[in-house]
Amino acid sequence: MSQMDLSYLRKHEQVLSRFEALDLFQRKLREAANLNDAIKITENEIESIYHFPSSGFYLVDQAEGGFELQRSNPQADYEVFERVVGRAIRQGSFAWALRQQKPLFWVDEEFGYKLVMHALSTREHTLGMFIGLFDRENPQEQQNIVFTHISLVLTAMATTMDSLILSHRLRQHNQSLEDTIERRTAAYLAAKDEAERANKAKSEFLAMMSHELRTPMNGVIGFTSLLMETSLDSEQKEFVRTIQNSGESLLNIIKDILDFSKIEAGREELELLSFNLHSTLKEALDVVAPIARKKKLSTRLEFEEGMPEFVIGDPEKVKQVVLNLVGNAIKFTDKGSVTVQASRFEDPKLCSMVRISVVDTGIGMDETVQERVFQPFTQADSSTKRKYGGTGLGLVISKRLAEMMGGDINIESEAGSGSTFHFTALLESSVHQEEYKVDPPPVGPRLAALGRLEILVLEEKADNGNPIVGMLRKFGFKAKVLTTPAEANSLSETSGYDLIFVECQQPTGEGFEMARNMRSKLKAVDSHTPIIALTGSLQDEDRDRRQTAGIDDFLNTPVQIEALRQMILKWGKLG
């Protein structure tokens, strides 16, 4: 083999060896966890290729934008190195080298040093500069392949640096995003807690106000009911009737405000039952029929043929919406009629949607008024409010209830030509014909047939002036009144009573506690005397408390004398 062939073979082996070394170097770079690791790996690799008396990396300061020498070797003397590089910078060679993608040599004419400068850059970013300082002698010509190898190393390092910097920025961005999310989540939770506390405070305030308003109204309406049972002349009866009607109007206003508050707080829930829709609509019409007759208005129910009578839904909510719409129709109609129409919704995709329309021949309304009637505390105009009264909450509550039932309320109306309110709700046809209904009042027995009942009344406060005692005595029953939980707890004999009424008005729940203690005493003597709660609240939590307290039934306050009569007829024989 000739000398030329041997020389070629050695060069080939050298190149192959350097490419293998470069591949190993790139694998090490990929394992670098941070920029300092990458610099150390690159310095070691360059040292294995060529020994520079002094070398270093000038990297771009990502915050300031200038170049900063990385003093990665504690044993290196950077003083001469920085002085020589400083002159290269001042003469513009440093800036020139940044624009190249290959080694650039520069001679320090003052001291005779020679530098090799190689930019650390990718296609998108300039990251820094590698600078190697030679001895005063020039490098040998045969070392060109060495600098090619160094150039490949530095190019690989630049790519790794770029990736590490981007990864670092991404981690910073993610951390910043996590911190922002954490702060906003904390702020949201704090705002949510504050809103919940405010909502709870509002609910407690409304419950307290409800109690404070209902308690005196209980006395006003209850005692006017008793007064109506006495001997009065026609003028006196008219006065008492006016007091009673005014009290009931005030109670309706209180009820509207509480219903609106519950809906706004998201505390209103639906109770799904199988019920007779036709009967429910008829009951709603029957409630307002006396008012319609007084105004000489005709009322009728039109139930579409083929409509299912039994459906699944919340009968009380359906009845509440229909009562409000029919009540409004009668209020704003001076002559003509009010009609309730029940039909299937036209859209075949909504086969469970029922439409209940309330049609009147009243004063009607223009488009401007129609846009406002579903806003809280809003009526047509001030003259309407003066003439017809009301809080302006009825339609708002009805619309929200309709939306809860998967439907809506829409209006068709013209001023002077009457109005039609369309109430839609998702009411599935009931497979099981289990009708929901309120137990009808007994019609057979009279109170006298029950004999002389012994009745216990537990009041939460001694100064309530509860008219139920006067009503019971008017019926001829003996009533014992206890006005504090302590008195109820000290009662030794409980089995001698035929019926127990417990006032459950206070938000503190003292009445429920008295009922619970009384039920425990009755169980101890193997007696199940009926316990009836006197309450103005029908909230779900109160229903749960009534059940756990062992309460059998409830009577709404203010107590009406006829409602009390029917309750006694229902439970008086079971004590």
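- Comment: Lys28 does not engage Glu31 in a salt bridge, judged by the lack of any side-chain N to carboxylate O separation of less than 4.0 angstrom.
- One distance of note links CG of Leu115 with OG of Ser54; it measures 9.5 Å at 0.5 Å rounding.
- Taking 4.5 Å as the limit, every side-chain heavy atom of Phe52 sits out of range of all side-chain heavy atoms of Ile131.
- What you find for Pro103 and Val116 is that their closest heavy atoms are CB-CG2, 3.7 Å.
- Between Leu133 and Phe81, the closest heavy-atom pair is CB-CD1, 4.1 Å.
- Counting all heavy atoms, side chain and backbone alike, Val373 lies closest to Val396 at O-CG2, 4.5 Å.
- For the side-chain contact (heavy atoms from CB on, under 4.5 Å) test with Ser357, the passing option among Thr420, Thr424, Asn410 is Thr420; the others fail.
- Listed for the Ser413 side chain is a donor-acceptor partner under 3.5 Å among the backbone atoms of Met365.
- Salt bridge Asp408/Lys399: present, at least one basic N to carboxylate O contact under 4.0 Å.
- A salt bridge is defined here as a Lys NZ or Arg NE, NH1 or NH2 lying under 4.0 Å from an Asp or Glu carboxylate O, and Arg183 with Asp179 fails to meet this definition.
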- [ ] Could you give me the CA-CA distance, side-chain angles and deciding distance for Cys504 and Ile551, then say whether side chain to side chain contact (heavy atoms under 4.5 Å, CB included) is met?
- [x] CA-CA 11 Å; Cys504 298; Ile551 292 172; 4.2 Å; yes

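- At least one side-chain heavy atom of Met405 sits under 4.5 Å from a side-chain heavy atom of Val321.
- The minimum heavy-atom distance between Ala156 and Gln26, with the atom names listed, is CB-NE2, 4.0 Å.
- Nearest heavy-atom pair across Met307 and Arg344 is SD-N, 3.5 Å.
- Interatomic distance, CG of Leu24 versus CG of Leu29, reported as 10.0 Å (0.5 Å rounding).
- Leu395 places a side-chain heavy atom less than 4.5 Å from the side chain of Leu325.
- Listed here is the closest heavy atom pair of Thr122 and Ala158: CG2-O, 3.7 Å.
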Task: Worked check of side chain to side chain contact (heavy atoms under 4.5 Å, CB included) between Glu271 and Glu316 - done: CA-CA 9 Å; Glu271 185 178 12; Glu316 290 298 331; over 6 Å; no

Open item on the list: Applying salt bridge (charged side-chain N to carboxylate O under 4.0 Å, His left out) to Glu194 and Arg197, what does each step give before you reach the verdict?
Closed with: CA-CA 5 Å; Glu194 185 177 351; Arg197 285 195 298 271; 5.2 Å; no

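- One finds the CZ atom of Phe94 at 4.0 Å from the CE atom of Met129 (value rounded to the nearest 0.5 Å).
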TODO: Mind running side chain to side chain donor-acceptor pair (under 3.5 Å) on Glu178 and Asn174 for me, showing each step along the way?
DONE: CA-CA 6 Å; Glu178 288 176 5; Asn174 286 341; over 6 Å; no

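- With Ser163 contributing its side chain and Thr159 its backbone, the two residues share no donor-acceptor pair below 3.5 Å.
- Side-chain N or O atoms of Asp360 include none that pairs as donor or acceptor with a backbone N or O of Gly418 at under 3.5 Å.
- Using modelled atom types, no side-chain atom of Asn324 and backbone atom of Gln320 make a donor-acceptor pair closer than 3.5 Å.
- At a threshold of 4.5 Å between non-hydrogen side-chain atoms, the residues Phe57 and Thr42 count as touching.
- With rounding to the nearest 0.5 angstrom, the CG atom of Leu59 is 4.5 Å from the CE atom of Met161.
- Within the model, atoms CE of Met157 and CD1 of Ile39 stand 5.0 Å from one another, a figure rounded to the nearest 0.5 Å.
- The environment of CD in Glu79 is sparse: at most 12 heavy-atom neighbours from other residues, nucleotides or ligands sit within 6.0 Å.
- Ile150 is not listed as a side-chain neighbour of His118, based on a closest heavy-atom distance of 4.5 Å or more.
- Of the possible donor and acceptor atoms, none in the side chain of Ser176 sits under 3.5 Å from a partner among the backbone N and O of Gln172.
- Shown here is Glu414, whose CD atom has no more than 12 heavy atoms of other residues, nucleotides or ligands within 6.0 Å.
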Open item on the list: Using the rule given for side chain to side chain contact (heavy atoms under 4.5 Å, CB included), can you reason through Val318 versus Phe423, listing the C-alpha separation, both sets of side-chain angles and the distance that settles it, and then say yes or no?
Closed with: CA-CA 9 Å; Val318 171; Phe423 158 44; 4.3 Å; yes

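- The line from CZ of Phe130 to CD1 of Ile46 is 4.0 Å long, rounded to the nearest 0.5 Å.
- Using a 4.5 Å heavy-atom threshold, the side chains of Phe310 and Leu277 count as separate.
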- [ ] Assess whether side chain to side chain contact (heavy atoms under 4.5 Å, CB included) is satisfied between Trp106 and Gln91, documenting all intermediate values.
- [x] CA-CA 10 Å; Trp106 178 79; Gln91 292 183 18; 3.4 Å; yes

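- Under a 4.0 Å N-O distance rule, the pair Glu196/Lys192 qualifies as a salt bridge.
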